[in-house]
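As structure tokens, the structure follows; a few thoughts come after it.
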Protein chains: 2
Amino acid sequence: MDAKIIDVAAKAGVSPATVSRVLNQANGVTSKTRDKVMKAVDELNYHPNAAAKNLRQQKTMNIGVIAQDINNAYFTEIIKGIENMAYAQKYRVFICDAENQPEKEREYVTMLMDRTMDGVIMITPQLSDEEICEVANKGYFIAVIGRNIEHPRIPCIYTDNVKFSRQVMEHLLACGHRDIVFLNGYPEAIDSYERLEGYLKALKDNQIPFRPELVENGDFNENGGYEAMKRLFDKKIPFSAVFAANDEMALGVYQACAERGISIPDQLAVVGVDNNRISKYVTPPLSTVNQPKYTMGAIIVERLIDQMNDNQYEDKRVFVVDSELLVRGSSNFARK
Amino acid sequence: MDAKIIDVAAKAGVSPATVSRVLNQANGVTSKTRDKVMKAVDELNYHPNAAAKNLRQQKTMNIGVIAQDINNAYFTEIIKGIENMAYAQKYRVFICDAENQPEKEREYVTMLMDRTMDGVIMITPQLSDEEICEVANKGYFIAVIGRNIEHPRIPCIYTDNVKFSRQVMEHLLACGHRDIVFLNGYPEAIDSYERLEGYLKALKDNQIPFRPELVENGDFNENGGYEAMKRLFDKKIPFSAVFAANDEMALGVYQACAERGISIPDQLAVVGVDNNRISKYVTPPLSTVNQPKYTMGAIIVERLIDQMNDNQYEDKRVFVVDSELLVRGSSNFARK
DNA sequence: CTGAAAGCGCTAACAT
DNA sequence: ATGTTAGCGCTTTCAG
């Protein structure tokens, strides 16, 4: 069906090698023959077969991004950073949605072994450190966003969860809150664990006793936040602020409050995490923590490409980026 | 670096052909040899090279999804439907983000020509009908979601924008509204055009004169909705309801109202489109139009795979699916 | 049931 | 500056 390089060569009256040269490096060819070749290419609408090219060159110029859940804007922002930087370096980016399933992550990681992808970026993977290291040990190129994996060949980028959690808490404490709820994501997630740790440390720093009944687990989704709030209300214990482990759950808090007629921020302050695109459009605008998502994606893919190119250990492997607390209407209310 | 089929064959004491048979069809092989082969495969951690396989078989089992913007939950829901159905049929799905740029769409479409993908699904493409038809004419497999393209080889699925727009309008009219704003997306988009058409038809059906000053263009994003509302408020003309061409813009309306102290729904009714995941969590919950997004993805990919398999015209090519108006708190208020 | 060998379409080393 | 050719790793006839 499709034209092959040999057809182009015949039409242009040259050899396949010359066609290849024109289409690739493009030096060492007369401009006259180049024109002949390009004419034939156009006329036959020739597109080099990627499989043949990949097989011959032992590379694909493809990078896979394995995201935990493309429904979450946190991931899609990062992906845009990856995409644009990779594109500038002639790599194509393919997004894979793991749908929160470790088996799917594992399945997509095999794209490295079967050489469908030259490299892969995992965003907050669910696979264990060991499993990911094992892949890197076999010589494949893999980078990770949202976690630090101790392996000399795995570039990592992440924010300090503990640090920004403490900042959030300091902000709420400064507003006069003492009974602060922490709405966790699913407890297995490393982000959950570290954000909780920051919450606890801040309490300790301020000599406020930890009350376990103020911590509820959600699932990083709106409904999980909503259900968790209902459970809290049912406990009939007083609290004046909620620190939700992400913005989606904070939205669930909004809903639960709306149903009970509880006004934000005067009756309840709310802070989320991730600076979801919609968070500034809700009423009141949601205070949240912003991570440089786009930049994180761009940095890590650049680092991955570097590594794929010279295939040697480079000094800068781990990047820790700062987050920024955005105080908006949902918590900007000094409690007397 | 990696083991090849010939290594496996040597280790198992068989020929490469036998290894291939074991790994593929798996019939016509003694269970004894199969075991030997599988053992060697495991020990060598063998993964067939995809490029070689693709080249030999002239297919990749890859399907590409070209989405307009993966930041928008409308697309990601559809993609999940595609993904899961394709997965069940042994196809891998790769998501490509066109970032609203026609050139990027075009670039990703070349994945068909270079045989990186066996087929491609475009979700609300920006390319012209002609351009898409041309690709199909060359024998490539392409399917479209969100638009009907008249071509015997292009499966299409979409909802009737005009129809549900009229339903939205009937609902608002039934609530007693007469001065209804229409907040359009970018005017070039076919969805914008058709939704506007429904708006106009509903007015006509009800003998309500069309007032152009009640129509504003947005960009399908929160900020566009917000800015459009500000322009409307500045006009100082009365209106009691807003029909926004999607939920994102409706959120911008919420923000604009919050800033002016306008209460939804009693001072202003708002209806969106798409049933974005977050729309039921905002306050008040947003009335919207639900499309069976997941199902649409699943149907079209199944149809595309059918076509790739028997490569012949099938009767059912165009699917029109019904949408459903979800009346929630933002418009459920009878005006006296 | 299994093996031998051709060939998918391209690039790169070598030759001219 | 251009052509010839081997071979990337696999599957699939065709033989046996």
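Naming convention: chains lettered A, B, ... in sequence-line order (proteins, then strands); numbering from 1 in each chain. Any value given below was found using the heavy atoms of this structure, including those in side chains, with hydrogens, waters and symmetry copies removed.
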To the side chain of A/Pro16, which of C/dT11, C/dT2, D/dG3 is closest? C/dT11
Rounded to the Å, how far apart are B/His47 NE2 and D/dC10 C1'? 16 Å
What integer distance in Å separates A/Lys59:NZ from C/dC10:P? 17 Å
Taking only N and O in the side chain of B/Lys53, is any of them less than 4.0 Å away from OP1 or OP2 of D/dT11? yes
Round to a whole Å and report the spacing from CG of B/Asp7 to P of D/dG9. 9 Å
Check the distance between C/dA5's P and B/Ile6's CD1 and give it to me in whole angstrom. 12 Å
Without hydrogens or angle criteria, can the side chains of B/Asn84 and B/Tyr294 be said to hold a donor-acceptor pair below 3.5 Å? yes
Within less than 4.0 Å of OP1 or OP2 of C/dA4, is there a side-chain N or O belonging to B/Ser15? no
What is the distance from CG of A/Leu23 to C1' of C/dG9, rounded to the nearest Å? 13 Å
B/Asn71, B/Asp97, B/Asp69 screened by side chain to side chain donor-acceptor pair (under 3.5 Å) with A/Thr76, the one that passes: B/Asn71
Establish, with yes or no, whether the OP1 or OP2 oxygen of C/dC1 is under 4.0 angstrom from a side-chain nitrogen or oxygen of B/Thr33. no
Would a distance-only check, ignoring hydrogens and angles, find a side-chain to backbone donor-acceptor pair under 3.5 Å from B/Arg303 to B/Lys316? yes
Hey, which of these two, B/Thr30 or A/Val19, hits DNA chain C nearer its 5' end, going by closest nucleotide? B/Thr30
So, is A/Ser20 close to the C/dC10 phosphate, meaning a side-chain N or O under 4.0 Å from OP1 or OP2? no
Hey, is the main chain of B/Ser20 close enough, under 3.5 Å, to the side chain of B/Asn24 for a donor-acceptor pair? yes
Between the protein and nucleotides 13-16 of chain C, which nitrogen or oxygen pairs are less than 3.5 angstrom apart?
none

Can you tell me the distance, in whole Å, between the CG atom of B/Asn54 and the P atom of D/dT11? 10 Å
Ignoring hydrogens and geometry, is there a side-chain-to-backbone donor-acceptor pair from B/Glu83 to B/Val93 under 3.5 Å? no
Search all heavy atoms of B/Pro155 against all heavy atoms of B/Gln307 and return the closest pair with its distance. CG-OE1, 3.6 Å
Nucleotide C/dC1, atom P - distance to CZ of B/Arg34 in whole Å: 10 Å
Look at the side chain of A/Arg317 and the backbone N and O of A/Ile154, then say whether any donor-acceptor pair between them is shorter than 3.5 Å. yes
If we ignore angles and hydrogens, is there a donor and acceptor under 3.5 Å between the side chains of A/Tyr74 and A/Gln68? no
Within the 3.5 Å criterion, strictly below it, is a donor on B/Asn137 or B/His151 matched to an acceptor on the partner's side chain? yes
Would you tabulate the pairs of protein nitrogen or oxygen atoms and nucleotide nitrogen or oxygen atoms of nucleotides 6-8 of chain C closer than 3.5 angstrom?
from	atom 1	to	atom 2	distance (Å)
C/dG7	N2	B/Arg56	NH1	3.4
C/dC8	O3'	B/Gln58	NE2	3.4

Rounded to whole Å, please give me the gap between CD1 in A/Ile5 and P in C/dA12. 11 Å
